[in-house]
Visitor: 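Dropping the structure in here first, questions after.
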Amino acid sequence: MSSSESDCESKPLKKKPRRMCVFLDNWLKKNTYSSWLQKSSESEAYCSLCRVTFTIKYEGFLALKKHQSSEKHKKGLSIVKQNKIMNSFFQLKIVQKQKILLALN
């Protein structure tokens, strides 16, 4: 064994203290997050698309970005977009029917 190997084995590794993050209300004002993000507690956030609560106390804003890039969230977002398109289509049909009924009266 060399002297450098024995030094590594004898010294315990020091852990860096973790800094705790808190939920910031200004995240709710950002267009990217405002449609799905809700504050669950000081250390947790709730996604209304995925219906899941996740912790932000260790990663903070990075936890939001990670959740947003998850497959489950992307799938939920695409479903919401499809529903908006379908809703606008049906709203248009309802308005057209109302105009026809008014014209007939």
Visitor: Enumerate, atom names and distances included, each donor-acceptor pair closer than 3.5 Å involving a side-chain atom of residues 67-79, sequence neighbours excluded.
Guide:
from  : atom 1 : to    : atom 2 : distance (Å)
His67 : NE2    : His73 : ND1    : 3.3
Ser69 : OG     : Lys65 : O      : 3.2
Ser69 : OG     : Lys66 : O      : 3.0
Ser70 : OG     : His67 : O      : 2.7
Ser70 : OG     : His73 : N      : 3.4
Ser78 : OG     : Lys75 : O      : 2.8

Visitor: Which atom names give the shortest non-hydrogen contact between Cys50 and Cys47, and what distance separates them?
Guide: N-SG, 3.4 Å
Visitor: Does any N or O in the side chain of Thr53 come within less than 3.5 Å of the main-chain N or O of Tyr46, such that one atom is a donor and the other an acceptor?
Guide: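 Not at all, since once roles are kept as given, no pair shorter than 3.5 Å links the two residues.
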Visitor: When the side chains of residues 22-29 are checked against the rest of the protein, which donor-acceptor pairs come out under 3.5 Å, sequence neighbours left out?
Guide:
none

Visitor: Heavy atoms only: give me the nearest Ser48-Ser35 pair and the separation to one decimal.
Guide: OG-O, 3.8 Å
Visitor: What salt bridge (charged side-chain N to carboxylate O under 4.0 Å, His left out) pairs are there with at least one residue in residues 43-54, not counting sequence neighbours?
Guide: none
Visitor: Once side chain to side chain contact (heavy atoms under 4.5 Å, CB included) is applied, do any residues pair with Tyr58, and if so which ones, sequence neighbours excluded?
Guide: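 Partners of Tyr58 by the side chain to side chain contact (heavy atoms under 4.5 Å, CB included) criterion, ordered by chain and then number, come out as Arg18, Met20.
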Visitor: Can you list everything that forms a salt bridge (charged side-chain N to carboxylate O under 4.0 Å, His left out) with Glu42? Sequence neighbours excluded, please.
Guide: Lys39
Visitor: Of all residues at least two apart in sequence or in a different chain, which pass the side chain to side chain contact (heavy atoms under 4.5 Å, CB included) check with Thr55?
Guide: Lys57
Visitor: Considering non-hydrogen atoms only, spot the tightest contact between Ile56 and Cys21 and give its length.
Guide: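 Nearest heavy atoms, Ile56 then Cys21: O-CB, 3.3 Å.
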Visitor: With under 30° as parallel and over 60° as perpendicular, where do the rings of Phe54 and Trp36 fit, or are they tilted in between?
Guide: tilted
